[in-house]
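Report on the following structure.
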Protein chains: 2
Amino acid sequence: MKDITPQQNKVLNCIKVYIKGTGFPPTRSDICKEMGFKSPNSAETHLRALEKKGFISIASGASRGITIIGEESEQESGSIETDNYPIIGLVAAGSPTLASENIEKQVPCPSNFFGSPFDYFLRVKGLSMKDAGIMEDDLIAVQKTHDVKNGDIVVARIDDEVTVKYFTKPSNDKIVLEPANDDFSDIEVDLRSEEFFLEGKYIGLIREN
Amino acid sequence: MKDITPQQNKVLNCIKVYIKGTGFPPTRSDICKEMGFKSPNSAETHLRALEKKGFISIASGASRGITIIGEESEQESGSIETDNYPIIGLVAAGSPTLASENIEKQVPCPSNFFGSPFDYFLRVKGLSMKDAGIMEDDLIAVQKTHDVKNGDIVVARIDDEVTVKYFTKPSNDKIVLEPANDDFSDIEVDLRSEEFFLEGKYIGLIREN
DNA sequence: TATTATACTGTATATATATTCAGTATAATA
DNA sequence: TATTATACTGAATATATATACAGTATAATA
């Protein structure tokens with residue numbers, strides 16, 4: 001990264017401020033207004049200089065195609081792997097697929113946040129796991145796995161209904177899903193007659209407030 | 001915020017992904033490419049619907065003038081601010097100072113993870129806030145502040161004892177700290193005779209397993 | 001039943017915008 | 001000394017882009 005001149009730094013900063021304010025990068029003309037230039041070429045040459053020095057990239061042909069480079073310095077210096085994880089709404093019926101229509105939003109989170117790796121966040125509906133400290137609208141980190149033990153909290157799907165419960169398998173063709181709330185009763189699944197799908201395992205929890 | 005349709009959610013998500021990838025919002029034509037539409041008006045009408053429902057704003061006349069509403073992190077220059085936050089053990093006695101002997105470890109976490117900013121994590125001891133879904137060994141994100149309202153969950157210190165409770169101030173010289181567990185009783189603090197220090201406010205919660 | 005919202009295709013166009021070209025001027029290099 | 005980088009004005013233009021208009025079709029509401 002070559003040296004930046006004071007004036008180029010001003011332009012770079014003005015671009016950052018513009019993006020922060022509007023959510024999208026400025027045009028050459030916008031930069032002129034902000035900086036007091038009278039010709040769009042003033043902005044153009046500054047942009048080309050900033051591109052040459054590696055501070056920005058410019059998408060050819062596209063309008064407002066400026067991308068600020070090197071803003072991820074935090075992650076690099078700390079050498080922490082941060083990933084984006086989708087938040088999936090636990091709809092009353094239907095599987096919690098990662099299809100985009102089910103994704104509430106993406107949240108950045110260090111990938112080793114909970115010790116064990118996980119694949120997505122599920123937004124909890126209902127209070128059936130209240131006594132385990134899992135409340136309505138909590139986000140639980142879910143690992144897509146079929147490797148669960150008795151006593152694990154799992155995300156399971158029975159006939160298109162998704163639920164979070166304690167897992168027990170007392171015999172080879174029977175599974176019991178136990179809530180952590182006296183107001184709810186156990187769900188017993190006969191694997192010979194009923195459909196059962198294990199979406200994954202509860203790894204951790206986040207409560208936004 | 002009105003209800004979003006699955007298709008509109010797809011479009012919204014596609015805009016977010018585009019911004020994340022390029023640093024600037026898509027054109028109508030870009031959205032068509034991503035979504036498989038054959039007419040720019042398909043994107044246009046979806047954008048107008050999303051605008052009407054409050055998910056985005058559209059700058060009139062400007063190219064790529066889409067702003068995602070209600071999401072500070074994603075569109076701001078593309079990068080995510082990740083900080084290291086100390087985990088402080090809630091020792092039975094003693095204040096939760098940030099002195100190094102009290103710090104269990106540092107964990108990386110996006111600084112806007114809980115919506116509100118926070119200063120440290122506190123490891124919870126005991127089950128006095130069980131019914132609020134705060135369990136033993138949970139990590140609660142604490143913001144150092146004295147600006148609390150009745151009903152907020154706070155971290156308070158009374159005579160070197162640190163506790164997490166619901167906060168109420170019924171009169172000028174009295175504070176009531178209420179647990180969320182019938183097995184515990186309210187703590188009443190007479191500010192004229194007893195020492196009381198407000199360490200901060202509960203912002204969010206993380207459970208590692 | 002009429003109306004509105006959703007979800008599209010397809011065409012057209014004014015204008016917003018990137019980008020090139022022609023200059024001027026100063027300071028820093030080689 | 002010639003060259004290159006910086007720092008601008010001013011004008012011109014191809015095209016990228018928003019946006020309106022004309023349709024079609026389905027489902028949900030009033």
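Heavy-atom basis, side chains included; hydrogens, waters and symmetry copies ignored. Bear in mind the structure is a predicted one, so any value in this text is a computation, not a measurement.
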> When you measure from the side chain of B/P40, which nucleotide among D/dA7, C/dA12, C/dT17 comes out closest?
Replying inline: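 That would be C/dA12.
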> Under 4.0 Å between a Lys/Arg side-chain N and an Asp/Glu carboxylate O for A/K125 and A/D137?
Replying inline: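 Looking at A/D137 together with A/K125, the answer is yes, because their closest N to O distance falls below 4.0 Å.
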Within the 4.0 Å heavy-atom criterion, would you say [X] contacts the bases, only the backbone, or no part of the nucleic acid?
X	result
B/S42	base
A/Q7	sugar-phosphate
A/S29	nothing

Could you state the atom-to-atom distance from [atom1] of [X] to [atom2] of [N] in whole Å?
X	N	atom1	atom2	value
B/I58	D/dT17	CD1	P	16 Å
B/L47	D/dT19	CG	C1'	11 Å
A/N41	C/dA22	CG	P	12 Å
A/K33	D/dC8	NZ	P	18 Å
A/R28	C/dA18	CZ	P	5 Å
A/I31	D/dT9	CD1	P	13 Å
A/M35	D/dT6	CE	C1'	13 Å
B/E44	C/dA12	CD	C1'	14 Å

When you look at [atom1] of [X], are more than 12 heavy atoms from neighbouring residues, nucleotides or ligands closer to it than 6.0 Å?
X	atom1	result
B/D147	CG	no
B/D182	CG	no
B/N172	CG	no

Kindly say if [X] contacts the phosphate of [N], meaning a side-chain N or O under 4.0 Å from OP1 or OP2.
X	N	result
A/S63	D/dT17	yes
B/R48	D/dT19	yes
B/H46	C/dT6	no
B/K53	C/dT6	yes

Does any nucleotide pair with [N] by Watson-Crick or G-U wobble geometry, both distances under 3.5 Å, and what is it?
N	answer
C/dA28	D/dT3
C/dC8	D/dG23
C/dA14	D/dT17

>> If you assign each of B/T5 and B/S39 to its closest nucleotide in DNA chain C, which residue comes earlier from the 5' end?
In response: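 This one resolves to B/T5.
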> What pair of heavy atoms forms the shortest contact from A/F114 to A/L205, and how long is it?
Replying inline: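 Closest heavy-atom pair between A/F114 and A/L205: CE2-N, 3.6 Å.
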>> Checking B/E44 against B/F37 for the side-chain contact (heavy atoms from CB on, under 4.5 Å) test, could you report, in this order, the C-alpha distance in whole Å, the side-chain angles of both residues, the deciding distance, and whether it holds?
In response: CA-CA 11 Å; B/E44 180 71 25; B/F37 300 153; over 6 Å; no
>> On DNA chain D, does the nearest nucleotide to B/A62 precede the nearest nucleotide to A/F37 from the 5' side, or the other way round? Give the residue.
In response: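 The 5'-side residue here is A/F37.
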